[in-house]
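Notes to accompany the following structure.
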Amino acid sequence: MTELKNIRNFSIVAHIDHGKSTLADRLIQLTGTVAERDMKEQLLDAMDIERERGITIKANTVRIEYPAKDGETYVLNLIDTPGHVDFAYEVSRSMQAVEGSLLVVDASQGVEAQTLANVYQAIDADHEIVPVLNKVDLPAADCDRVAEQIEDVIGIDATDAVRISAKTGIGIPDVLEAIVTRLPAPKGDRDAPLKAMLVDSYYDAYLGVVVIIRVIDGVIKKGDRIKMMRTGGLYPVDRLGVFRPAMQNIAELGPGEIGFLTASIKQVRDTRVGDTITHEKKGCTEPLPGFKPAQPVVFCGLFPVDSAEFEDLRDAIEKLALNDASFSYEMETSAALGFGFRCGFLGLLHLEVIRDRLEREYGIDLITTAPSVIYHVHMKDGTMQELHNPADMPDLTYVDHIEEPRIKATILVPDEYLGDVLKLCQDRRGIQQDLTYAGTRAMVVYDLPLNEVVFDFYDRLKSVTKGYASFDYQMIGYRADFLVKMQVLVNDEPVDALSTMVHRDRAEQRGRAMCEKLKELIPRHMFKIPIQAAIGGRVIARETLSAMRKDVTAKCYGGDATRKKKLLEKQKAGKKKMRQFGKVEIPQQAFINALKMDD
Amino acid sequence: MKVDDWQNGGFGLYLHWPFCQAKCPYCDFNSHVSALIDQDRWKNAYLSEIARVGAQTQGRVLNTVFFGGGTPSMMEPSLVAAIIEKIRATWPTSNDMEVTLEANPTSVEAGRFQGYRDAGVNRISMGVQALNDNDLRRLGRLHSVAEARAAFDIARNTFDRVSFDLIYARQDQSADHWRAELSEALTMAIDHLSLYQLTIESGTAFGDRYERGKLRGLPDDDSAGDMYFITQELCEKAGMPAYEVSNHARPGSESRHNKIYWRYGDYAGVGPGAHGRVTIDGNRYATDTPLQPGAWLNSVEKTGSGEANSIALPLKDQVTEYLLMGMRLIDGISLSRYESLARKPLCHNKINELSEIGVVVHEGDNLRPTPQGLAVLNAVLRELLPE
């Protein structure tokens, strides 16, 4: 057990690629926490997807022992928080578990929107913040300008910003010293009843569920019987330890300490981020504030391309869900796609991560239907239905009005692209809230409907700004608007997987764009195919895919039979990658690509 | 007695001569350019192979012989004569046995036509390819239009049956251009025409150029489709309707040899890269031979056999081949024959669906493509092929 005054708990706030993981690696290395030979890049990012995409999905912690210049040895606990808006709640819990943050900004790039969102969370959590300017060794580094920007945009004093290069190691000792001298020690009462926050959890094949905790008050020991205050679960503590970053067992964890426990918990689902852990007997009475159950905001259907793989998909989804409480699923049947699942995600990145894992780790080819947000459908009888799937839209005669979720989007963009960004936001039914400048970059704040953003907003933003814009958002609530369900009919048959909710004023434009897109995506058939978009029974857009005119092999004689047979069999097998709608075959990727708007 | 399936299609012999004066940039056939060809050595090898396949198919009546290539008109007439003599000594032949030889339309080759006729060749198929000197050059042909016409005149005076090939949907060719060219060709035509849409095959010079984006001016699919339908229209008016996707003839003058392929009969293949389908003891074998001329010669000389592979075709493959060959014919296929190969009838729902959209006609035992269906035959076959 460590004295409170010798503990410092902190997180690192940074934009992707600004050097968070590299800095963490250097801190671990410099304090000798990991032997040189065991060092590998991005120690804390455990999952392949995390390493590949350079993002963090799960919170990670590491305990570093640092002999400071004042002669005392300090225990520094770093929590590496998820760095994406999809995981805003998880980030907020991690932030609550520490007292300070290092704000890492790339001295050659400056502040990004994502940095802003996370730093505001740190400020909300009353953190002491130490600005760190990274990559000062780069020729493009402009420390003074970036320090000024930090003061202007974020409003914190950056005169004492630590100047480092995580890559070369310049300034790393100064960071360690700043953590000790500038961040506060945690507070807590060793004699009070146990109160610890569940920061995150994950499934380990050997240990079962591993729970990361921050002890606020009291002491937790191996063998204690604990209680999860929100879920009511009771467990005996099997094992207690800290990450260095390898697991190291420890006899007890006291106030201010961060570590892990295992307690024969079977599913990650049984552990809720932000829950309060106390003793079963003589526990604390009040749980920690701020707990929120996981709330999926984006939904889509996942169907196996090969309907024979439905059971495999079910197994895979169940396994993934065990390790991810924020991901919801229920069985769905689509007239067109057969059996599949309607799944809920924290955001688009979360959706992509889960879909990637299903395809990669479980080898299942998937059809992903149009992502949808949750609409509030207010009925004439005064009741409200949550609509997760446009295919389930109730009969309009019973509907009074529909509300949709809105977000506050913050975009930082170099001046020259501002016009394109404003147009994009305007096209997506945005309402401008704010427009300010920080140097040559504009900060735009828009109130946008989430459904205009979930699909390809970020892709479009990157493309119109050549990748120079950064973007972040938070949910701000629901608002009524004139929303309708747009159906797509292919060869006069409605394709439910292509139904979307759209604003009435944008319906014609969206319908036209979608019909045109589908006309490109669906291969020609032996007959002509009308492609229509409709609201209710009324067709608002129509394209005709003409019949194929010629598809025949010119020469086929005795010597060609073997080769042509193989070719045809290959083509025939290729048809299995398509889905049959009436007489029409639609390729798998059409479901997603049809919704991508080129604006 | 049970009748083998091949007997519905007949029995023919294909001989492959693998040499050309030059390789055409569009051609993906097994052809090679060689300065020195020992025709005696080749003769011995062909005769030995005829004896070998003759022993496997003893007693069958041979209906057709086809000298293909390569450029078989590079063969000495004496070589052709020796081969035909050996054939007649090996199999009983039908009275009207068709013997076709592919020829390039140059003066050198035309000089051998009488010799071929004396050897027993009774049908010539000439690779004219275009009636436009500029396009002939682009196609890598060594002859001019005038030369081709002169060779053709010699051919028509030597043989009763003469066919020639043209390639359309060439670079920078418009539908009107093709209409004019084909009209001219039809005034020359005797009884048979093979009209192929230019197909860019990978592994050819055109294929490489196409992949590098350097093969410009090719008509798009729709205009190539237009040219295909113009072809059907003009040939029909001229009394030479299509009897197969790319082949047109006066009724009765169809290539009997090629119809053996399309009617899925048996054919023995002799020469480098020649394929065969030969039924022995109730099993249909797919045979092939080494592609390289030298390798084939060595194999024949050292082992007494030019056969590289002989695989008993599973019924499923025979069904596929019957469909993909048979539906190329205007006459289509026999459903009872399909059923006896597939051991089950062709799916009725599929037939009905395809009839409804107007790409096939189903009448009694016969299933055949409509003119529309023939143009999109690959799509029709993707539907009809067994799962």
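Proteins come first, then strands; the chains are lettered A, B, ... in the order of their sequence lines, and each starts at number 1.
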Measure Y264(B) against the heavy atoms of chain A and call it side chain, backbone, both or neither at under 4.5 Å.
neither
Is the CZ atom of F310(A) crowded by more than 12 outside heavy atoms at less than 6.0 Å?
yes
Below 4.5 Å from any heavy atom of chain A, which atoms of D165(B) appear? Answer side chain, backbone, both or neither.
neither
Chain A contact via L374(B) - which portion, at a heavy-atom distance below 4.5 Å:
backbone
Ranked by heavy-atom pairs below 4.5 Å to chain A, first place among H16(B), E244(B), E321(B) goes to E321(B)
Between L381(B) and K572(A), is any pair of side-chain heavy atoms under 4.5 Å apart?
no
If you round to the nearest 0.5 Å, how far is CG of L354(B) from NZ of K583(A)?
9.5 Å
From D222(B) atom CG to R549(A) atom CZ, the distance as rounded to the nearest 0.5 Å
6.5 Å
Answer yes or no: is there a side-chain heavy-atom contact under 4.5 Å between D560(A) and H275(B)?
no
Side chain / backbone / both / neither for D317(B) at chain A, heavy atoms under 4.5 Å
both
Residue Y322(B) versus chain A: region with a heavy atom under 4.5 Å
neither
For V376(B), is it the side chain, the backbone, both or neither that has a heavy atom under 4.5 Å from a heavy atom of chain A?
both
Does Y362(A) have more than 12 heavy atoms from other residues, nucleotides or ligands lying within 6.0 Å of its OH?
yes
Option in V359(B), L323(B), D226(B) with maximal non-hydrogen atom pairs under 4.5 Å from chain A
D226(B)
With only heavy atoms counted, which part of F66(B) is less than 4.5 Å from chain A, the side chain, the backbone, both or neither?
neither
Q372(B), part contacting chain A, at a heavy-atom distance under 4.5 Å
neither
Residues of residues 550-558 of chain A contacting chain B, heavy-atom criterion under 4.5 Å, by residue number:
K550(A), D551(A), V552(A), T553(A), A554(A), K555(A), C556(A), Y557(A), G558(A)
Does any backbone or side-chain atom of A379(B) lie under 4.5 Å from a heavy atom of chain A? Answer side chain, backbone, both or neither.
both
Pairs of heavy atoms under 4.5 Å with chain A: top-ranked of N258(B), D221(B), T199(B), L198(B)
N258(B)
Is the count of non-hydrogen atoms from other residues, nucleotides or ligands lying under 6.0 Å from D306(A) atom CG greater than 12?
yes
Given that the side chain runs from C-beta out, which part of N30(B) has a heavy atom under 4.5 Å from chain A: side chain, backbone, both or neither?
neither
Tell me, side chain or backbone of T562(A) under 4.5 Å from chain B's heavy atoms, or both, or neither?
both
First locate atom CZ of R382(B), then atom CD of E569(A), and finally report the distance between them rounded to the nearest 0.5 Å.
13.5 Å
Report the option among G269(B), G225(B), G273(B) that has the most heavy-atom pairs separated by less than 4.5 Å from atoms of chain A.
G225(B)
Heavy atoms from other residues, nucleotides or ligands near CD of E330(A) exceed 12 (cutoff 6.0 Å):
no
Go through the atoms of Y267(B) and report whether side chain, backbone, both or neither lie under 4.5 Å from a heavy atom of chain A.
side chain
Answer yes or no: is there a side-chain heavy-atom contact under 4.5 Å between T320(B) and L568(A)?
no
What part of P369(B) gets closer than 4.5 Å to chain A, counting heavy atoms only: side chain, backbone, both or neither?
neither
Note, K564(A) side chain near M325(B) side chain (heavy atom, < 4.5 Å):
no
